[in-house]
Amino acid sequence: MVNQQIIGEHGTTLSTEDLAALRENLHEQRLFRQEQIQQLTATAVPRAEALFDRQAASQTEVRVKLAASARMVLADVEAALERMDQGHYGNCHLCRKPIDRVRLMIVPQARYCARCQHLREAGR
């Protein structure tokens, strides 16, 4: 096994063990999101019924939004796993600098370093 290391913004390093832990975390998140999506879509009230019942309509709307959010997170998680497989994990998509280890430990699917994430959010 290659001892892959990524040097982060503050000089911190992602060791092989860090990468293995992050990969495991991402796999757990993927499984959780897949199960969440399955539960949300399996328990949905049929739209025809929901049209006649405001409470059912509200519940359906919440489930649809939760499922959409879960799908977005799932896509981010799968993209992070793909970046790991391709050897591009841990680099910011904007500035191309390594993402800080602490940030990746908190948000392992992060695509941007903290600085670029802040700039993206400020630009909205």
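Every value quoted in this text rests on a predicted model; they were computed, and no experiment measured them. The residues of the chain are indexed from 1 along the displayed sequence.
What you find for Gly90 and Leu104 is that their closest heavy atoms are CA-CD1, 3.9 Å. Here the closest heavy-atom approach between residue Arg103 and residue Cys113 is recorded as NE-C, 3.7 Å.
Met84 and Leu14 fall within the same hydrophobic cluster, defined by Ile, Leu, Val, Met, Phe, Trp and Tyr side-chain heavy atoms under 4.5 Å apart, directly or through other members. Under the 4.5 Å side-chain heavy-atom criterion for Ile, Leu, Val, Met, Phe, Trp and Tyr, Leu40 and Leu74 are members of distinct hydrophobic clusters. Clustering ILVMFWY residues whenever any of their side-chain heavy atoms sit less than 4.5 angstrom apart, transitively, puts Val107 in the very cluster that holds Val102.
Annotation for His27: atom NE2 counts as buried by contact number, over 12 foreign heavy atoms lying within 6.0 Å.
The NE2 atom of His88 sits 9.5 Å away from the CZ atom of Arg96 when rounded to the nearest 0.5 Å. The structure places OG1 of Thr41 at 12.0 Å from CG of Leu66, a figure rounded to the nearest 0.5 Å. Atom CG of Leu26 sits about 9.0 Å away from atom CZ of Arg30, to the nearest 0.5 Å. Rounded to the nearest 0.5 angstrom, Asp18 CG and Asn25 CG are separated by 12.0 Å. For the atom pair Ile37 CD1 and Arg63 CZ, the distance stands at 15.0 Å (nearest 0.5 Å).
A salt bridge links Arg23 to Asp85: at least one charged side-chain nitrogen sits closer than 4.0 Å to a carboxylate oxygen.
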Check: residues 75-83 side-chain donor-acceptor pairs under 3.5 Å, at least two apart:
unit_1	atom_1	unit_2	atom_2	d
Asp76	OD1	Arg111	NH2	3.3
Glu82	OE2	Gln86	NE2	3.2
Arg83	NH2	Gln109	O	3.3
Arg83	NH2	Ala110	O	3.4

Would Gln38 and Gln34 count as a side chain to side chain donor-acceptor pair (under 3.5 Å) if you check the C-alpha gap in whole Å, the side-chain angles of each, and the deciding distance to 0.1 Å?
CA-CA 6 Å; Gln38 184 179 19; Gln34 288 169 335; over 6 Å; no

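Partners of Leu94 by side chain to side chain contact (heavy atoms under 4.5 Å, CB included), not counting sequence neighbours, listed by chain and number: Cys92, Tyr112, Cys116, Arg120.
Checking side-chain atoms of Ser69 against main-chain N and O of Lys65 turns up no donor-acceptor pair under 3.5 Å.
Proximity of Arg33 to Val73: side-chain heavy atoms (C-beta onward) are separated by under 4.5 Å at one or more points.
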